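To start, I am sharing the structure in question, which I have written as structure tokens.
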Amino acid sequence: MPAYSAPAIEARWQAAWDEAGCFRAKADPEKPKYYVLEMFPYPSGRIHMGHVRNYTMGDVVARHRRATGHAVLHPMGWDAFGLPAENAAMASGGHPKDWTYANIADMRGQMKPLGFSIDWSREFATCDPEYYGQQQALFLDMLDAGLVTRRAAVVNWDPVEMTVLANEQVVDGKGWRSGAEVERRELTQWFFKISDMAGDLLDALEGLDDWPSKVKLMQANWIGRSRGLELSFALTTPAPGFDAIPVYTTRPDTLLGASFVAVSPDHPLAKALSERNPEIAAYCEEARKGGTTEEAIETAEKTGIDTGLRVRHPLDPSWELPVWIANFILMDYGTGAIFGCPAHDGRDLDFARKYRLPVVSTFVPVEGEHVRPEEGAEAFVPQKSEPVRYVKLFAGEEVQSGDAGVEAAIAFAEGLGWGKGVTRYRLRDWLLSRQRYWGCPIPVIHCEACGAVPVPRDQLPVRLPEDVTFDRPGNPLDRHPSWGKVPCPSCGGEARRETDTMDTFVDSSWYYARFTAPQSATPTDLDEAAYWMNVDQYIGGIEHAILHLLYSRFFARAMVKTGHLPAAACEPFDALFTQGMVTHEIYQTRDANGRPVYHFPEEVEGGTLKATGESVEVIPSAKMSKSKKNVVDPVGIVATYGADTARWFVLSDSPPERDVEWTAAGAEAAFRHLGRVWRLAHEAAASEAPANPAADAALERARHKVIAEVSGGIESFGFNAAIAKLYGFTNALAKSEAGAEAKVRAARTLVQLMAPMTPHLAEELWTLLGGVGLCAQAPWPKADPAMLIEDSMTLPIQVNGKRRGEISVPRDLAVQEIERLALEAVAKSLEGAPPKKVIVVPGRIVNVVA
RNA sequence: GCCGGUGUGGCGGAAUGGUAGACGCAGCGGAUUCAAAAUCCGCCGGGGCAACCCCCCGUGAAGGUUCGAGUCCUUUCACCGGCACCA
């Protein structure tokens, strides 16, 4: 028997699959179709274990579906635009294009040896002009359909580099390279009008039965539908151009607890006041420092400035409230102005305490002790569904839920005409402009006479110029000598190209549709899209739960609206699975100054550095990252153990939705197990043992059971559980005294069930065990239901919920008889006392209440 | 700060409200071997007991619902993901 050696077999079977064209996606009217897609990778240049895990899961699904008679589409591509390519160009002087395509070639070379059943003929990169040209066509159609708009938006501005920064380039409120304090600055930008679809995007979540409920919940909270009141506070102090401040509130029932009105530093009123009042201007400038992220704004210390203006309370003409400008009010949400009710909002309370503004409770709990916020307690913010007792009431009942209070307040305000109930969404329009080079150019030409004019479709794609340099900060498109100078398509006069490129989320919002016809001369081919869409199973990281998935759902709707997808594809992903990360321990020593120094796992052995013998500190597992050096290179693992071991390991130890910790011992164990299967298969193939009726029947029973368990495990994404069952069946086969024929049959089933996870090993042993053709093309085994039924079973007996014995009974024994046997079995524990009650859960358990 | 998730032996983890710890790793004992590697067999949550039986404790912490809770509810702690220009 030859020893198990992956290098000897894996390349050979990959060639055999290629030659047979096993993985070419072919429409077949005789078969149900199945489209399985994993989120495509960013071409960083190296694949990592997270990729291996993600694509292995998709591959298991794809291979299993092929075996169960589906026409399968399983494509791969590259999410190839983005910042890292420009950063690399700045750091080492190359060109983003060269860097990106070289990385793609490297990564493809690292991926192919893993044996994924991918239809590589459909591969594309989003930076291919053939792809982004179609994206420009889509953009123009969306522009025509009224789905695109242009207006001002706030960006991170680095005042030293004079350039826009991405959020990740802002560290502690400062530019990552210049170290200068970042400012929030307004720029005119392009938007997709996703907020027009907010209601539909929210309501349609309900129909996504095969999405994780946590993802649907996160999306629902992100879209954030709220019912509230829009009202205006009339100014009692004159202000130029303003006689009132419109405010939106989701808690109009707390209006009698209002103690101030506050506007965003970006509010028109704040801007107007800044022009006349240097103190206010200075405050607004200060408040605009720091990054644009919601996190930065929410966690910053709350500050404000009293404008000196006063407004009248709508419920009491004699009641005046001060108007503040405050840094925690977002201009993007509602009207950019609020009324503060410190008693029932934590942020307002912090603000009120800091600036000694009044705190007035409007409701208290219905019962129980309650310390009011005005007496020093925390803000009282119960769930809106919870009933509370109103102590400052102007509408509805004294005791009512917050929801009822809100509705009563809205009805009251509408009745008197000083406010109106509105439904608002937290979801903002999708800002798609980026002031960067390495992205899809926005196909628009700006003409002084004609405005923003679409590039004529016959001039697409608008290609990125290649003669650009990255020796300075800022967008090379802006400073390119000739690229931007074009005649206006409308009047022929002098005009300029738009130099903004598209957010890379645009690229990944429709690639799933492009895979159905990747060479089409239009964005999609409707026949192909109608056949292959929707994606039956989408697999990727939980970090994409909100933005990528929401944008893709929006794009699918936009593509339906512009005629690029059939109506049925408006929800592009039928089923979604979010997998966990691959983690690893971190090995750290310290340099002379006590700063941490990280070491790669392969440099460490037995808690010490191989090179110097210095002992390392082991930090618990975290997501693999280059900076912490806790990465394991799949290429090395494949070279040492083979692709099958890597694939088996990433699926075996953890449930797929959870993180998995890569350990050298675990990889070793996976390899040993594959070797064991290898030996058992060879032993079975060489066996001449005569039939052994009892053992043969037992093994056959176990064979049917494992078919049922593994099939169910794969279908429900219980890959780790399926693998545990395969371990169990391997043990059963090893111990079995069955004859040669039964053992060969069992071994053949074993390798076939393993084939989705370890396809190369499976092919080799399939052939050895007399399997016909390629295992990759063999039909999936079926379990005989009759073989799955056990004749007798063990029932545990509890007394007061604690296990005190067990009985073995025929599976269809009458309940009375089970009860009698159960009482007999636990007679000792009952000490002669008659039981109060006996609960028999047929087929499960008996509980005696003593 | 806000939204979402996770927490079970030395470790990764299993368990439709029904025998907690399947399966694997590590460890321990044994077989095989001149020896080792490889392989095979057995044991393996904590405590009590001479001991199989048996008894007590045990699923981050504290309460609750239930005949019965790792699982459901409330509070709380820790860690992870997202927060709109990282992908």
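Proteins come first, then strands; the chains are lettered A, B, ... in the order of their sequence lines, and each starts at number 1. This is a predicted model, so every value here is computed, not measured.
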> Would you call G47(B) syn or anti, using the 90° rule around 0?
Replying inline: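 Base orientation: anti.
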>> I'd like the P distance from U16(B) over to A22(B), given in whole Å.
In response: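 Looking at atom P only, A22(B) and U16(B) are 15 Å apart.
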> Please give, in whole Å, the distance from A14(B) P to Leu726(A) CG?
Replying inline: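 Result: 16 Å.
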> Looking only at side chains, do Tyr131(A) and Trp78(A) share a donor and an acceptor under 3.5 Å apart?
Replying inline: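 No.
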>> Could you tell me how far apart Leu823(A) (CG) and C67(B) (P) are, to the nearest whole angstrom?
In response: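 My rounded result for the distance is 19 Å.
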> Looking at OG1 of Thr499(A) and CG of Leu477(A), how far apart are the two atoms once the value is rounded to the nearest 0.5 Å?
Replying inline: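 So the gap between those two atoms works out to 6.5 Å.
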Polar atom pairs between nucleotides 20-24 of chain B and protein, under 3.5 Å, N or O only, would you list them?
residue: G24(B); atom: OP1; partner: Asn731(A); partner atom: ND2; Å: 3.3

>> I need the CG-P distance between Asp503(A) and C86(B), as an integer number of Å.
In response: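 Whole-Å distance recorded here is 9 Å.
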> Do the numbers put Arg184(A) on top of the ring of Trp157(A), so that NZ or CZ is under 6.0 Å from the six-membered ring centre and no more than 45° off the axis?
Replying inline: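 Judged by the rule (NZ or CZ under 6.0 Å from the ring centre, within 45° of its axis), Arg184(A) is not positioned above Trp157(A).
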>> Just the rounded figure in Å: distance from C1' of A87(B) to NE2 of His544(A).
In response: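 One finds 6 Å between C1' of A87(B) and NE2 of His544(A), rounded.
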>> Which nucleotide, if any, forms a Watson-Crick or G-U wobble pair with C53(B), using both distances under 3.5 Å?
In response: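 No nucleotide pairs with C53(B).
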>> Quick check on C55(B): is either OP1 or OP2 less than 4.0 Å from any side-chain nitrogen or oxygen of Arg804(A)?
In response: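 For Arg804(A), the contact criterion (side-chain N or O under 4.0 Å from OP1 or OP2 of C55(B)) is met.
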> Which base sits across from G70(B) as a Watson-Crick or G-U pair, both distances under 3.5 Å?
Replying inline: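 Looking at the geometry, G70(B) pairs with no nucleotide.
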Interface polar pairs with nucleotides 70-72 of chain B, N/O, under 3.5 angstrom:
none

>> On the nucleotide C85(B), are OP1 or OP2 found under 4.0 Å from the side-chain N or O atoms that Arg434(A) carries?
In response: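 Answer is yes, contact under 4.0 Å.
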>> Given C85(B), G1(B), C41(B), identify the nucleotide with an atom nearest to the side chain of Thr299(A).
In response: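 It is G1(B).
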> Is a donor-acceptor pair below 3.5 Å formed from side chain Glu294(A) to base C83(B), judging by atom type as modelled?
Replying inline: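 No, the side chain and the base share no sub-3.5 Å donor-acceptor pair.
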> Do we see a donor-acceptor contact under 3.5 Å between the side chains of Gln219(A) and Arg553(A)?
Replying inline: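 The criterion, which ignores hydrogens and geometry beyond distance, is satisfied for Arg553(A) and Gln219(A).
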> Of the nucleotides U19(B), C85(B), G13(B), which has the atom closest to the Val164(A) side chain?
Replying inline: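 Given the options U19(B), C85(B), G13(B), the side chain of Val164(A) is closest to C85(B).
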> Any side-chain donor-acceptor pair under 3.5 Å between Ser508(A) and Asp79(A)?
Replying inline: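 Absent: no donor and acceptor within the cut-off.
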>> Check this for me, if you would: do Arg288(A) and Asp266(A) make a salt bridge, where the nitrogen-to-carboxylate-oxygen distance has to be below 4.0 angstrom?
In response: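 Salt bridge flag = yes for Asp266(A) with Arg288(A).
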> In whole angstroms, how far is the P atom of G12(B) from the CD atom of Glu657(A)?
Replying inline: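 So the CD-P distance, Glu657(A) to G12(B), works out to 16 Å.
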>> Nearest 0.5 angstrom please: Leu750(A) CG to Leu726(A) CG, how far?
In response: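 Here the rounded value is 6.0 Å.
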> Taking a pair as Watson-Crick or G-U wobble with both distances under 3.5 Å, which nucleotide is matched to U33(B)?
Replying inline: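 No nucleotide pairs with U33(B).
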>> Taking side-chain hydrogen bond (donor to acceptor under 3.5 Å, both in side chains) as the definition, give me every residue that meets it alongside Gln189(A), ordered by chain and number, with sequence neighbours left out.
In response: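 Result, side-chain hydrogen bond (donor to acceptor under 3.5 Å, both in side chains) vs Gln189(A): Gln435(A).
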> On a whole-Å scale, what distance lies between the C1' atoms belonging to A50(B) and U65(B)?
Replying inline: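 The answer is 44 Å between these two C1' atoms.
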>> Suppose you measure atom P in U32(B) against the same atom in G17(B); what distance do you get, rounded to whole Å?
In response: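 Straight-line distance between the two P atoms is 50 Å.
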> Do the charged groups of Lys193(A) and Asp429(A) touch, with an N to O distance under 4.0 Å?
Replying inline: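 No, this pair does not count.
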>> Which nucleotide wins on minimum distance to the side chain of Arg844(A), given the candidates A84(B), C85(B), G18(B)?
In response: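 Ranking A84(B), C85(B), G18(B) by closest atom to the Arg844(A) side chain puts G18(B) first.
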> Within the pair Arg658(A) and G7(B), is there a side-chain N or O less than 4.0 Å away from OP1 or OP2?
Replying inline: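 Answer yes for this pair, as a side-chain N or O of Arg658(A) is under 4.0 Å from OP1 or OP2.
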> Is there a donor N/O on one and an acceptor N/O on the other, under 3.5 Å, for the side chain of Asn847(A) and the base of C67(B)?
Replying inline: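 Check passes, donor-acceptor contact within cut-off.
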> Roughly, in whole Å, what's the span from CG in Asn167(A) to C1' in G82(B)?
Replying inline: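 Those two atoms, CG and C1', are 13 Å apart.
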> According to the Watson-Crick and G-U wobble definitions, with both distances under 3.5 Å, which nucleotide is paired to U6(B)?
Replying inline: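 By the stated definition (distances under 3.5 Å), A78(B) pairs with U6(B).
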>> When both hydrogen-bonding distances must be under 3.5 Å and the geometry is Watson-Crick or G-U wobble, what is G58(B) paired with, if anything?
In response: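 Partner of G58(B): none.
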> Under a 3.5 Å cut-off for both distances, is A26(B) Watson-Crick or wobble paired, and to whom?
Replying inline: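 Partner of A26(B): none found under 3.5 Å.
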>> From C-beta outward on Glu806(A), which listed nucleotide comes closest to its side chain: U19(B), C67(B), G1(B)?
In response: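 Closest nucleotide among those given: U19(B).
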>> Using atom P in both nucleotides, what's the gap between G82(B) and C73(B) to the nearest angstrom?
In response: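 Those two atoms are separated by 26 Å.
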> Which comes earlier along RNA chain B counting from the 5' end, the contact point of Arg347(A) or that of Arg426(A), where each point is its nearest nucleotide?
Replying inline: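 On the 5' side of the pair lies Arg347(A).
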>> Between Arg151(A) and Glu186(A), does any side-chain N to carboxylate O distance fall below 4.0 Å?
In response: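 No, this pair does not count.
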> Taking NZ from Lys802(A) and P from C67(B), how many angstroms apart are they, rounded to a whole number?
Replying inline: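 My rounded result for the distance is 17 Å.
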>> Quick one, Phe81(A) with Tyr132(A), criterion ring-ring contact (aromatic ring centres under 6.0 Å, His included). Give me CA distance, side-chain angles, the key distance, then yes/no.
In response: CA-CA 10 Å; Phe81(A) 275 135; Tyr132(A) 73 71; 5.6 Å; yes
> Hey, does the side chain of Ser654(A) come within less than 4.0 Å of G12(B)'s phosphate (OP1/OP2), counting only N and O?
Replying inline: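 No, because none of the side-chain N or O atoms of Ser654(A) sits under 4.0 Å from OP1 or OP2 of G12(B).
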> Mind checking the C1' distance from C77(B) to G60(B)? Whole angstroms is fine.
Replying inline: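 Looking at atom C1' only, C77(B) and G60(B) are 8 Å apart.
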>> Taking only the C1' atom of each, what is the distance from C41(B) to C55(B) in whole angstrom?
In response: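 One C1' to the other, the span is 32 Å.
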